[in-house]
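To keep things clear, I will list the structure first and then write my remarks on it.
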Amino acid sequence: MAIMEFPKDMKWGAATAAYQIEGAAFKDGKGPSIWDTFSHTPGKVLNGDNGDVAIDSYHRYEEDIQLMKELGIDTYRFSVSWPRIFPTGTGEVNEKGLKFYHDFVDALLANGIEPMCTLYHWDLPQALQDKGGWANRATVDAFADYAELMFKEFGGKVKSWITINEPWCVSFLSNFIGIHAPGNTDLQLATDISHHVLLAHGKAVSRFRALNMEGGIGYAPNVEWLEPFSNKQEDVDACNRSMGFLMDWFFDPVFKGSYPAFMVEWFEQKGAVLHIEEGDMDIISQPIDFLGINYYTGGVGRYKKDADLFDMERIDIGYEKTDFDWFIYPEGFYRVLAKIKDKYGSVPIYITENGACYNDEVENGRVRDQRRIEYLKQHLTSLKRSMDYGVNIKGYLTWSLLDNFEWAEGYDKRFGIIHVDFNTLERTKKDSYYWYKQTISNGWFDMNY
Ligand SMILES: N=NNCCOCCOc1ccc(-c2cn(C[C@@H]3NC[C@@H](O)[C@H]3O)nn2)cc1
């Protein structure tokens, strides 16, 4: 027996996001988001998929909450669609949008489930994008106003707030690499956006503090671990630059009040500079109550001139891959969490996303997703290792509760512990749902079973 046991007070949960599950994309007063625009632009999303209906959680959330209740989770992480609250991003509030989230949060609470609310999970109101989007500093203040309204509306009900999900995806994946909305490919633009998104985080935290709110607030960067192919300094430096892209660039400003010099210099060599205004770093670096961490994958890297923006190439050394073609690298989960503790201290951490894409289908009423169970066992074991290392883990939320719209991959990539038939919208609990339920109930699992 290799029992992995977790603290009795650790929170267990699952996560989703508005554009990926709600549907009702043009219903009840909701304004268009950049993902409505992007997914309706030919060639941007696999198979021409979009979130018009998604898995219709807008109308089916009561059924979904019953599935959460049976699962036994303490916490459910969801996101609010900004354009469902402010159809044009600012100005007049859509009362039907507020009512939807009040009814939803009330149903969670009535079923003993704590809501963890992400304010921004990528669905920027298109009206703001039309005025420059995150490249326009006015969007920062619009976000702060939206956040303040949500705090005032839901303060008594929601006690865990996440400002920005995966700021790297919002800035560099979406505006330099270009595979997510709005699909720009400009490093300077993406660099400016990365600063504005962090500033938006900071301004929302300031509004939260000014209201003397109950509960806590944080943000949820995505991280990965890249192990150098050798101990040659060029390999080590290349991996540090690549990890610095996702991590140090978005952690140092919040925890140290400045951008990592080695990355600033690298970006300057590539022609991208930061435009920091007086007071920005003070706003960004004010204390947060918890840190969300999203981890999926990692791998091995080595120096290769011009292989990518950081002169780093990823080496396939035979690690098994998920159906998203991502390496399965649980050791990296432990390594990155240990690095966060060593470099940034003991801020309370919730794992706000961890999970795997496996496209197992329903056969005779059952979904045999043993590969997902193995992924979860391996990564929860790494999480336990990090806790024994002293990392201040407060909770684990798997991505995702339900199969959903996986951005540029559309409905081709399944991350849920609950299968969704994307035609009938029927939900089917996968084997991993039952395994996770038992693990939550026990507070432990047997690595060998
Ligand atoms: N580092 N440099 N890379 C250079 C090459 O990049 C190409 C990489 O493209 C990517 C990178 C990352 C992702 C991704 C997806 N999810 C899963 C979602 N998380 C939030 C939630 O909504 C989930 O759906 N997390 N991450 C997708 C595509």
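Start at 1 and go down the list; that is how both ligands and their atoms are numbered. Hydrogens, waters and symmetry mates are skipped; everything else that's a heavy atom, side chains included, is used.
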Electrostatic pair [X]:[Y] at N-O distance under 4.0 angstrom:
X    : Y    : answer
E70  : K429 : yes
K321 : D316 : yes
K377 : E374 : yes

Task: Sole residue of F327, Y329, W326 in ring-ring contact (aromatic ring centres under 6.0 Å, His included) with Y296 - done: W326
Pair up each side-chain donor or acceptor in residues 256-274 with any protein partner under 3.5 Å, not counting sequence neighbours, and list the distances.
residue, atom, partner, partner atom, Å
K256, NZ, K343, O, 3.3
Y259, OH, H195, ND1, 2.7
W266, NE1, L309, O, 2.7

Expected rows: ligand 1 N/O, protein N/O, dist below 3.5 Å:
residue, atom, partner, partner atom, Å
ligand 1, 19 (N), E166, OE1, 3.2
ligand 1, 19 (N), E166, OE2, 3.1
ligand 1, 19 (N), E353, OE1, 2.8
ligand 1, 22 (O), Q20, OE1, 2.7
ligand 1, 22 (O), H121, NE2, 2.8
ligand 1, 22 (O), W407, NE1, 2.8
ligand 1, 24 (O), Q20, NE2, 2.9
ligand 1, 24 (O), E406, OE1, 2.6
ligand 1, 24 (O), E406, OE2, 3.4
ligand 1, 24 (O), W407, NE1, 3.1

Task: Stacked cation flag R302 on F229, 6.0 angstrom / 45 deg - done: yes
